[in-house]
Structures are given as C-alpha cells and as structure tokens.
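Below is one structure, written out as structure tokens; the observations come after it.
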Amino acid sequence: KNIMFIIFIIILIFPVNFKAETFPKIFGCFCEGGVITGNLENGSKLKIDNKQVEVFEKGRFIYAFGRKYKDNVKIEINDKVKKFTVSKKKYKIENIKGLPRKKVEPSKEDLNKIISDQNKIKKAKLIGYKTRLFNEKFILPSKGRMSGFYGSQRILNSKPRRPHAGIDIAAKEGTSVIAPSSGIIKLVEEDMFFTGNTVIMDHGLGLISIFAHLKEVFVVEGEKVLQGQKIGSIGMTGRATGPHLHWGVYLNNTSVDPEVLLKYELN
C-alpha cells in the first residue's frame with residue numbers, strides 16, 4: 001500500500017505525458033453520394049473496407065461512396081483502424097413524359113451512336129492527372145432552378161431508367177455555365193445521343209465533372225480552366241425536354257453527388 005501511495009504521489013508531482021495516437025483528419029462527407037479526402041504521411045498505406053486505396057503525391061487520397069453504401073465504412077491507415085457511419089439519403093422518383101420515342105427506344109443505328117458515345121465517356125473517366133487540381137470547395141456552375149437531383153429514379157415515357165447520376169439546373173438557353181472548380185478539359189464532344197454537346201473536366205486524382213446539353217462550348221480539350229471561368233452555355237441538346245444543364249461528377253466509375261461538393265471542403 002505504501003508503494004502504491006508513493007507511486008501516486010510521484011505521478012502527481014511528475015506527470016507522465018501519455019500522447020494519444022490521433023487519427024488523421026478526413027475532409028468531406030461520410031454519406032451516400034459523398035466523397036472524402038485527406039493528407040497522410042509519406043509512405044502511408046490506406047485500406048478502405050479491406051481494399052487498398054491509392055495514395056498520391058504529398059500523401060493525398062480521395063474516396064467516393066456512391067449512391068448506395070453500407071451503414072458504415074472501415075478505414076485503415078497503417079496500423080490505425082477506425083469505423084465511420086455512412087449516412088443514408090432518400091431519393092425522389094421523377095416521372096418525365098413527352099420525350100421523342102427514339103430517345104427512349106433507340107434504333108439500331110442510334111445504339112451504335114450510343115455505344116460510341118459511351119466509350120468516349122468511359123475513356124474520359126479513366127484517371128488522368130495524379131495531382132490535385134480541384135479547389136477546396138466547389139461552386140454552382142450555373143444560375144437557375146434545380147430541376148433534377150442526384151440518385152433520383154427517372155421514369156421516361158412510363159419506362160423506368162437508371163438512377164440520375166448528377167443534378168440538373170433549368171434556365172434560359174444561353175445562360176452561362178462556369179467551371180465549379182479548377183481543372184483541365186478532358187473531352188469536348190458535339191451532339192452525343194443522350195448528353196448532346198458535352199464537356200468533361202479533369203479535376204485531378206480521378207475526379208471529373210461532366211457538363212451536358214450545352215448550347216455553346218467555349219473551351220477546347222487540354223485547356224487549363226480556373227474555378228469560375230466560363231466554359232459554355234445552357235442548351236437543350238441531346239435527350240432533353242427543355243433547356244437545362246446536367247452536371248455530373250465521378251470518381252473513376254463511382255458517381256458523386258455534386259451538392260456534397262458545394263457543402264463540404266475537400267483538402
């Protein structure tokens with residue numbers, strides 16, 4: 001007892017500094033459609049849900065959850081492990097009628113065009129610049145009424161379609177479309193079957209933006225674009241019932257909710 005009392009007194013007089021191991025700070029949203037980023041020490045190894053995730057220069061990493069995800073996610077950074085809750089979202093059902101039949105039920109000729117378009121978009125989704133080009137926070141690419149939301153289920157001419165991978169902004173034809181974040185133009189394509197005049201921007205680390213249904217395009221492939229720079233104007237090219245901008249965001253093949261990028265900072 002006397003020994004324990006002496007040890008207690010020593011600790012009071014000479015407190016020991018027990019430094020707690022802290023988990024690296026992670027930015028973004030742990031939510032469906034969300035994306036997270038962070039900076040790790042050089043040489044760090046990262047696993048998310050037991051899968052190796054690439055760590056880029058300066059220890060940067062980025063990860064997207066997609067439209068549907070489990071209730072939680074396990075992140076392993078070297079020997080540190082932590083679980084995070086992934087919040088769920090409710091998705092709307094949109095019933096769109098009046099589309100031309102060939103836009104809903106394409107002909108064989110149209111299917112060849114669709115396949116060609118999809119191959120170009122698929123190639124543009126491949127990781128390009130392995131450096132961060134995007135800003136900490138994104139801005140809305142155009143002014144107008146939000147007419148379509150990420151993850152919503154669309155029924156076109158009474159035929160259910162895949163969930164919406166982006167947001168729609170309805171406005172007058174010719175309304176300016178600006179870069180929501182900095183990047184490099186990866187693809188400029190006219191008259192795609194579904195998306196019409198289309199621009200794809202590389203934000204770095206595998207993160208891209210797709211701008212669809214444009215009337216005019218003011219950028220070229222390979223051009224460096226700063227946040228807020230005008231890249232085009234709203235139109236109704238491709239499959240559209242009215243003038244609007246479709247803004248989609250992907251990390252590789254995983255869709256991201258653009259609204260998340262407007263609300264949360266990415267480091």
Side-chain angles (χ1 to χ4, degrees), residues 28 33 35 37 62 64 117 120-150 164-252 255-267:
V35 62
T37 62
I62 185 166
D117 291 346
K120 290 175 183 176
I121 292 174
K122 186 178 179 180
K123 186 177 179 181
K125 285 180 180 178
L126 295 175
I127 189 165
Y129 289 88
K130 292 194 172 186
T131 56
R132 173 190 152 176
L133 304 175
F134 55 84
N135 304 81
E136 287 186 358
K137 208 166 185 180
F138 282 57
I139 59 175
L140 206 61
S142 192
K143 295 179 180 179
R145 176 180 60 86
M146 201 81 79
S147 59
F149 300 89
Y150 173 85
H164 192 211
I167 62 173
D168 290 341
I169 302 169
K172 290 182 180 179
E173 271 195 288
T175 302
S176 293
V177 175
I178 61 173
S181 190
S182 299
I184 295 175
I185 303 301
K186 202 168 188 180
L187 178 73
V188 174
E189 193 71 26
E190 293 183 355
D191 197 29
M192 285 186 150
F193 184 84
F194 290 120
T195 57
N197 297 336
T198 304
V199 171
I200 295 183
M201 182 186 299
D202 186 349
H203 297 298
L205 309 185
L207 192 69
I208 66 162
S209 279
I210 298 179
F211 308 95
H213 312 300
L214 299 172
K215 179 181 181 181
E216 301 167 291
V217 174
F218 303 125
V219 289
V220 296
E221 291 180 12
E223 182 177 347
K224 292 183 179 179
V225 177
L226 297 178
Q227 185 179 54
Q229 182 176 331
K230 190 173 181 179
I231 60 174
S233 65
I234 283 181
M236 55 180 295
T237 55
R239 187 166 74 179
T241 55
H244 74 282
L245 170 70
H246 169 82
W247 175 31
V249 180
Y250 287 86
L251 181 66
N252 301 318
S255 63
V256 173
D257 184 353
E259 288 191 88
V260 167
L261 302 179
L262 301 173
K263 296 177 183 177
Y264 294 87
E265 287 188 359
L266 302 179
N267 198 359

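Worth saying up front: this structure is predicted, and the values here are computed from it rather than measured.
Under a 3.5 Å cut-off, the side chain of T195 and the backbone N or O of H213 do not form any donor-acceptor pair. Checking side-chain atoms of S181 against main-chain N and O of Q227 turns up no donor-acceptor pair under 3.5 Å. Under the 3.5 Å distance criterion, the side-chain polar atoms of N197 are matched with a main-chain donor or acceptor of D191. For E221 (side chain) and V188 (main-chain N/O), a donor-acceptor pair under 3.5 Å exists by modelled atom type. Of the possible donor and acceptor atoms, none in the side chain of K186 sits under 3.5 Å from a partner among the backbone N and O of K125. Side chain of H244 to main chain of I169: no donor-acceptor pair is present (N/O by atom type, distance under 3.5 Å, no hydrogens or angles).
Residues K215 and I234 come closest through the heavy atom pair CB-O, 3.4 Å.
No side-chain donor-acceptor contact under 3.5 Å links T198 and E189. With 3.5 Å as the limit, one finds no donor-acceptor pair spanning the side chains of D168 and S147. Side-chain atoms of N135 and S182 include a donor-acceptor pair closer than 3.5 Å.
One finds the CD1 atom of I62 at 5.0 Å from the CG atom of L251 (value rounded to the nearest 0.5 Å). Taking CD1 of I184 as the reference point, atom CD1 of I208 lies at 14.0 Å (rounded to 0.5 Å). For the atom pair CG (L266) and CG (L261), the distance works out to 6.0 Å, reported to the nearest 0.5 Å.
Relative ring orientation between F138 and H203 is described as perpendicular, the plane-to-plane angle rising above 60° on a 0-90° scale split at 30° and 60°. In this structure, F211 and W247 have parallel ring planes: the angle between them is below the 30° cut-off, well short of the 60° mark.
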* Could you check S233 against E216 for side chain to side chain donor-acceptor pair (under 3.5 Å), going step by step and ending with a plain yes or no? => CA-CA 5 Å; S233 65; E216 301 167 291; 3.0 Å; yes
